[in-house]
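Below is one structure, written out as structure tokens; the observations come after it.
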Protein chains: 2
Amino acid sequence: MKRGREPINRGTDQTKARILAAAAKLFDAQGFDGTTVRQIAKEADVNLALISYHFQGKRGLLEVLIASYYETFFRLLAAQKAANRGTEPLDELIALVRLYVFFQRDHAAVTRLIQRELSVESMLAREVMTVYIHRWKHSFASIIEDGITRGVFAPLSVDQVLLAMTSLLVYPYLNPQSVREVYYLEPGSDEFCEWLVASVEQLLRSLLKPSPTTSRR
Amino acid sequence: MKRGREPINRGTDQTKARILAAAAKLFDAQGFDGTTVRQIAKEADVNLALISYHFQGKRGLLEVLIASYYETFFRLLAAQKAANRGTEPLDELIALVRLYVFFQRDHAAVTRLIQRELSVESMLAREVMTVYIHRWKHSFASIIEDGITRGVFAPLSVDQVLLAMTSLLVYPYLNPQSVREVYYLEPGSDEFCEWLVASVEQLLRSLLKPSPTTSRR
DNA sequence: GTCTATATGGGGATAGAC
DNA sequence: GTCTATCCCCATATAGAC
């Protein structure tokens, strides 16, 4: 009678996918440092050693999660931008906001993971992140700058507008627990996403409107 | 010739204060799980064993930091509320917003620590936190509810308004690194604080104004 | 590609001397 | 109240069999 189980061969892709899913789930719930590779292996129902074999360790796992997340987003973004050809800047901006809100909703675990770890100075994948974040910012900034050039937006500080917009967009997905338990809203629902898009739209209109007595401090 | 150093007796308060300061700094920069008690002891220039002696271990340290933070804030808040007697709801609200913004600025390390760890489901001090967060929310909510009752605010969803407000208030202090490196703003400066207060005020005015065609979705 | 077994280090905590 | 020395556990990672 044998002691150990038979080796399970699911094929590279299956195994890698299971590990990634487990890692996303656990990093999200417990934080990167709070998660052990043993937990990941168990959650994925995969042998411990396979994590190092496929991803060069825990850190590699994090980097793959982050890179895949942004690559996927930028692919969707490119498609959206193409579809937006010739639209008014504000509508184009709102379309991007909506895309990003639903993207966050659909990738809630990695979203929260990234946004949380980003606030850790000693983060492992900081260099990787910085590049993506700047690209992310630029995809929104370019539209606003374009609108200012064309005179349809007020000549405000683009950075200030973007920071306010980002705060509204990101916070609920960084802290969905609080949103649920304190504000009794469900960040995973379609209604919430639509509300968030509408709120951001209202903020952007209020900040970007070109004409009036907007005495900017 | 002796090997070890002489015991340094700084007195309980001095030692505890040094440990707390070091812990705040390191938890902030590296996260709770990313920080070791050995690092804290070294940063505080204090013997390792004193951390467990004074705070019953790493977890106790976190709890003391959180509790002190909120106790301090609520003390300031009570003073502010007393000073606000008879003010208009909106002005009262703005006064609280200003108080909180500068409080975050002046306690940046613990602010970031709390907001980050709050997004970890398996957080050690979750029960402690939940109580404080609800108290925090209520101090803002009560003013808005009061304003709605008295007809000076539109009868909006208080939770939605508060979530939007909180997003704007908190995000920059959760992620000051990004604010600096991506948006080129300095969250520690007075100008930034004032800008943030003004932005929140604009948002609140835009959301709470009672009369017009505000077709809320 | 998968598994067992193990190497190696670092973690939090404390006993007991001073 | 402080310090040294140490316990004991659990972390990541890999060597080598299958």
Side-chain angles (χ1 to χ4, degrees), chain A residues 1-24 26-27 29-65 117 120 122-125, chain B residues 1-27 29-65 113 117 120 122-125:
Chain A
M1 178 184 174
K2 282 177 61 187
R3 284 279 201 74
R5 288 174 297 176
E6 291 291 303
I8 302 168
N9 191 328
R10 295 193 182 89
T12 302
D13 287 354
Q14 260 271 6
T15 301
K16 288 179 94 165
R18 293 175 67 90
I19 293 173
L20 285 171
L26 292 171
F27 287 164
Q30 312 181 337
F32 180 77
D33 289 321
T35 301
T36 71
V37 290
R38 285 167 153 67
Q39 290 177 311
I40 297 171
K42 190 171 183 182
E43 173 77 28
D45 191 26
V46 141
N47 187 277
L48 174 66
L50 293 177
I51 292 174
S52 285
Y53 178 77
H54 285 299
F55 296 99
Q56 291 78 49
K58 191 177 163 184
R59 180 196 169 132
L61 210 35
L62 178 66
E63 284 172 358
V64 170
L65 283 174
E117 299 300 325
V120 178
S122 53
M123 189 202 187
L124 287 166
Chain B
M1 180 186 173
K2 281 178 58 185
R3 285 281 200 73
R5 288 174 297 178
E6 290 292 301
I8 303 167
N9 191 328
R10 296 192 180 91
T12 303
D13 287 354
Q14 261 271 5
T15 301
K16 288 178 94 166
R18 292 175 68 89
I19 293 172
L20 285 172
K25 177 174 172 181
L26 292 171
F27 287 165
Q30 311 180 338
F32 180 78
D33 288 322
T35 302
T36 72
V37 290
R38 291 176 151 79
Q39 288 178 311
I40 297 171
K42 190 171 185 183
E43 172 77 28
D45 191 26
V46 140
N47 188 278
L48 173 66
L50 292 176
I51 291 174
S52 285
Y53 178 76
H54 285 298
F55 297 99
Q56 291 78 48
K58 191 178 165 184
R59 180 197 168 132
L61 209 37
L62 177 67
E63 284 171 359
V64 169
L65 284 174
L113 165 63
E117 298 299 326
V120 178
S122 54
M123 189 202 188
L124 286 167

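Since the structure is predicted, the reported quantities are computational estimates derived from the model, not experimental observations. Protein chains get the first letters and strands the later ones, always in sequence-line order, with residue 1 at the start of each.
The interatomic distance linking Ile8(A) (CD1) with dC18(D) (C1') rounds to 15 Å, in whole Å. Distance, Ile19(A) CD1 to dA13(D) C1': 14 Å, rounded to whole Å. Between the P atom of dT2(D) and the CZ atom of Phe55(B) lies a distance of 11 Å, rounded to the nearest Å. In this structure, the CZ atom of Arg10(A) is 8 Å from the P atom of dT2(C), given to the nearest Å. Taking atom CG on Asn47(B) and atom C1' on dA17(C), their separation rounds to 13 Å, with Å as the unit. The interatomic distance linking Lys42(B) (NZ) with dG11(C) (P) rounds to 12 Å, in whole Å. As a whole-Å value, the separation of Leu50(A) CG from dA13(D) C1' is 13 Å. Atom-to-atom, CD1 of Ile40(B) to P of dG12(C) comes out at 8 Å; the value is rounded to the nearest Å.
Note on residues 46-56 of chain B: no pairs pass side-chain hydrogen bond (donor to acceptor under 3.5 Å, both in side chains), not counting sequence neighbours.
Lys58(B) places none of its side-chain heavy atoms less than 4.5 Å from the side chain of Ile51(B). Taking 4.5 Å as the limit, every side-chain heavy atom of Leu62(B) sits out of range of all side-chain heavy atoms of Phe55(B).
Counting any heavy atom pair closer than 4.0 Å across all strands shown, Leu48(A) reaches a base atom. Within 4.0 Å of Ser52(B), counting heavy atoms only, lies at least one base atom of the nucleic acid.
Under the side-chain hydrogen bond (donor to acceptor under 3.5 Å, both in side chains) criterion, Arg59(B) pairs with Glu63(B), sequence neighbours left out.
Residue-to-nucleotide contacts include no donor-acceptor pair under 3.5 Å from the side chain of Arg38(B) to the base of dG10(C).
The side chain of Ala49(A) approaches dC3(C) more closely than any other nucleotide in the set dC3(C), dT14(C), dT2(C). Minimum atom distance to the side chain of Asn9(B) is reached by dT2(D), of the listed dT2(C), dA13(D), dT2(D). Looking at the side chain of Pro7(B), the nearest of the listed nucleotides dG12(C), dT2(D), dA15(D) is dT2(D). Of the listed nucleotides (dC3(C), dG12(C), dT2(D)), dT2(D) has the atom at the smallest distance from the side chain of Tyr53(B).
With the nearest nucleotide of DNA chain D identified for both Gly11(B) and Val37(A), Gly11(B) has the one nearer the 5' end.
Residue Thr36(B) places no side-chain N or O under 4.0 Å from the OP1 or OP2 atom of dG10(C).
Gln39(A) places a side-chain N or O within 3.5 Å of a backbone atom of Thr36(A) that can act as its donor or acceptor partner.
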